[in-house]
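Read through the structure below, which is laid out as structure tokens, and then see the notes.
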Amino acid sequence: MTTAAARFDRWIRNEFVEYNTALEEAYFAERQEILHGRPGLDELKQALVAEGHHLIGGILAEGALPVVEREKYQLLGLVGYHLAACRRHESVAPGAEQLSAAWSLASLLGSSLGVAPRFVFAHQAMYNPASGGQFQTFTSLEDEAVFLTNNGLAVFAYQRAAEAIRQIAPIGVSSPLSAYLLETALAALEDVLQFNRTLSKTLDVERFFFNVRPYFKTYRVGNAEYRGANAGDFSAINELDVLLGLASTRDPFYQNLVTEKYPYVTPADQVRLRAIGDEEPLLTRFLREAEATPDPRLRKNAELFLAVCRAHGAAYTYHHHKLVLPFLVEPAKTAPPERLSELTASGPPLDVVVSGLSYLADLRAARDRPGKPSARKDLDRLREWVSTASGDGHPA
């Protein structure tokens, strides 16, 4: 890290956190998303803008940007923290000169990496170097740490599951080695559910709604508006959807969902997202081999595969009903009308976003909708084969 970048990093970890925390405590005391024209608070907002602008300008003046891709991506995240906080506190008017240095540096880094020039969830979960046991945050609030820690752990668990499922294609679904990979994926998805349960039990609804969520809004970089950071911006969950056979890239809804993600995931995840439709889904492979040969090894692996599909659906269904609905939809009912258009990180109105997430939950849980079939029929066929092959006449 260059000298100027190191100074910016220290500021992000110290004064930046102090300013944001003080502002959030003031907002929360009145249960308001934002306060304007308050003595002391406006000075904090301007300090956040001015100091960040000065430090980012120093990085540009130094003229020595990182060469290693990981370091470029981490620096983009730091700049994005500053821009996201300025947007959250509505510190400057759109197009203000105070953001020009940040826009310039973010654009340089984003263009070099082939990603959106803004802060995304990967900067918190996967590219967030800890110092002295403390990772980078917007505030020192416990609820932000709870949110980032459990979401980050869930992402790593999803990645573990996807990596295991990805390795089955070259060796085949009836391989004795595939049982280990399916067991690995199952354990990882059970971890996802556990992290979601912990988040549901420990995160305070009001703290999340008033003090954590607002940092994930859309914001501008130059003349372009980029949608907000989303905890689902990583490839592993989509790899699982498609490789298992629960969703298809031929489905316009799902294809649009994946394509929209490209600029908001890491360069490595972009490669994986573009490749997910290349392999034949495991569900299709299991059904084909089940019809050809009733091998005991295939039956055992099929039982594990069905358990993996159930675990994937259960984890996301829990997330939708125990996190999205109570932590976003319910508190939004009491939000001021003028704030409703800014409630989601994705840009569209809240009801549109929630409707899409609900349909996604049904796809992952293999629940049919009128005119929108899921993988339910094929999963039932495989369950019936497993039951018949086991000789007990009952679903496995």
Side-chain angles (χ1 to χ4, degrees), residues 153-197 234-249 268-269 271-273 275-319 361 363-367 374-396:
L153 290 170
V155 169
F156 286 131
Y158 270 125
Q159 289 176 330
R160 194 167 91 247
E163 174 65 20
I165 294 301
R166 203 184 300 130
Q167 292 180 79
I168 294 176
I171 62 176
V173 295
S174 59
S175 168
L177 303 180
S178 291
Y180 171 77
L181 296 172
L182 289 164
E183 288 168 349
T184 299
L186 179 59
L189 290 168
E190 288 173 343
D191 283 349
V192 173
L193 180 57
Q194 186 55 50
F195 294 136
N196 285 342
R197 284 175 172 157
F234 60 99
S235 67
I237 193 167
N238 303 103
E239 293 178 76
L240 289 168
D241 292 343
V242 177
L243 292 176
L244 292 175
L246 299 172
S248 170
T249 53
D269 272 13
V271 174
R272 295 189 182 100
L273 280 180
I276 57 175
D278 295 344
E279 294 285 356
E280 185 180 39
L282 297 190
L283 178 55
T284 303
R285 294 185 181 207
F286 272 110
L287 288 171
R288 186 175 63 251
E289 290 204 27
E291 292 172 356
T293 172
D295 180 71
R297 171 62 62 181
L298 181 67
R299 182 183 65 80
K300 177 184 177 181
N301 288 358
E303 287 179 336
L304 285 169
F305 170 77
L306 290 170
V308 169
C309 290
R310 284 195 298 272
H312 186 44
Y316 192 75
T317 298
Y318 185 93
H319 179 274
L363 281 178
R364 287 172 175 157
R367 285 189 293 263
S374 67
R376 171 59 53 189
K377 182 178 178 181
D378 285 341
L379 287 171
D380 285 345
R381 283 174 57 202
L382 186 60
R383 286 192 189 92
E384 184 178 355
W385 177 82
V386 169
S387 175
T388 301
S390 66
D392 60 12
H394 298 288

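If you read the sequence from its start, that first residue is 1, and numbering goes on from there.
Taking 4.5 Å as the limit, some side-chain heavy atom of Arg285 sits within range of a side-chain heavy atom of Arg288. Within the 4.5 Å cutoff, the side chain of Leu182 has no heavy atoms near those of the Leu186 side chain. For the pair Leu298 and Val173, the minimum side-chain heavy-atom distance is below 4.5 Å. In this structure, Pro281 and Leu244 have side chains that are not in contact, with every pair of non-hydrogen atoms separated by 4.5 Å or more. Side-chain contact between Arg166 and Arg272 is present, with at least one heavy-atom pair separated by less than 4.5 Å. Contact annotation: the side chain of Arg381 approaches that of Glu291 to within less than 4.5 Å [non-hydrogen atoms, C-beta and beyond]. Contact check for Phe305 versus Leu379: side-chain heavy atoms found under the 4.5 Å cut-off.
Side chain of Arg376 to backbone of Ala365: a donor-acceptor contact under 3.5 angstrom is found. In this structure a side-chain-to-backbone donor-acceptor pair under 3.5 Å is missing from Thr284 to Glu280.
In summary, the side chains of Glu239 and Ser235 do present a donor paired with an acceptor at a separation below 3.5 Å, with no hydrogens or angles considered.
Here the straight-line distance linking atom CG of Leu363 with atom CG of Leu246 works out to 8.5 Å at 0.5 Å rounding. Here the CD-CG distance, from Glu163 to Leu240, works out to 11.0 Å after rounding to the nearest 0.5 Å. Considering CG of Leu177 and CZ of Arg297, their distance stands at 8.5 Å, rounded to 0.5 Å. Going from atom CG of Leu306 over to atom CG of Leu382 covers 4.5 Å, rounded to the nearest 0.5 Å. Distance check: Glu190 CD to Phe195 CZ gives 12.0 Å after rounding to the nearest 0.5 Å. Summarising the geometry, atom CG belonging to Leu193 is positioned 12.5 Å from atom NE2 belonging to His312; distances are rounded to the nearest 0.5 Å.
Of all non-hydrogen atoms in Ala375 and Gly245, the two that sit nearest each other are CB-O, 3.5 Å. Contact detail for Gly172 and Ser178: the closest heavy-atom pair is O-OG, 2.6 Å. Considering every non-hydrogen atom in both Ala290 and Trp385, the closest pair reads O-NE1, 3.3 Å.
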- Begin from the C-alpha positions of Thr184 and Ile165 and carry the test side chain to side chain contact (heavy atoms under 4.5 Å, CB included) through to its verdict. CA-CA 9 Å; Thr184 299; Ile165 294 301; over 6 Å; no
- Glu289 vs Asp295, side chain to side chain contact (heavy atoms under 4.5 Å, CB included): CA-CA, chis, key distance, verdict: CA-CA 9 Å; Glu289 290 204 27; Asp295 180 71; over 6 Å; no
- Query: Can you check side chain to side chain contact (heavy atoms under 4.5 Å, CB included) on Phe286 and Asn301, steps first, answer last?
  - Reply: CA-CA 9 Å; Phe286 272 110; Asn301 288 358; 3.9 Å; yes
- Message: As a quick check of understanding, evaluate side chain to side chain contact (heavy atoms under 4.5 Å, CB included) for Asp380 and Arg383, giving each step before the final call.
- Response: CA-CA 5 Å; Asp380 285 345; Arg383 286 192 189 92; 3.0 Å; yes
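Paired with Val242 under the rule side-chain contact (heavy atoms from CB on, under 4.5 Å), one option of Asp278, Leu282, Ile276 passes, and it is Ile276.
Between Phe234 and Tyr158, the ring planes lie tilted relative to each other; the angle falls in the 30° to 60° range.
Salt-bridge check for Arg299 with Glu303: passed, with a basic side-chain N closer than 4.0 Å to an acidic carboxylate O.
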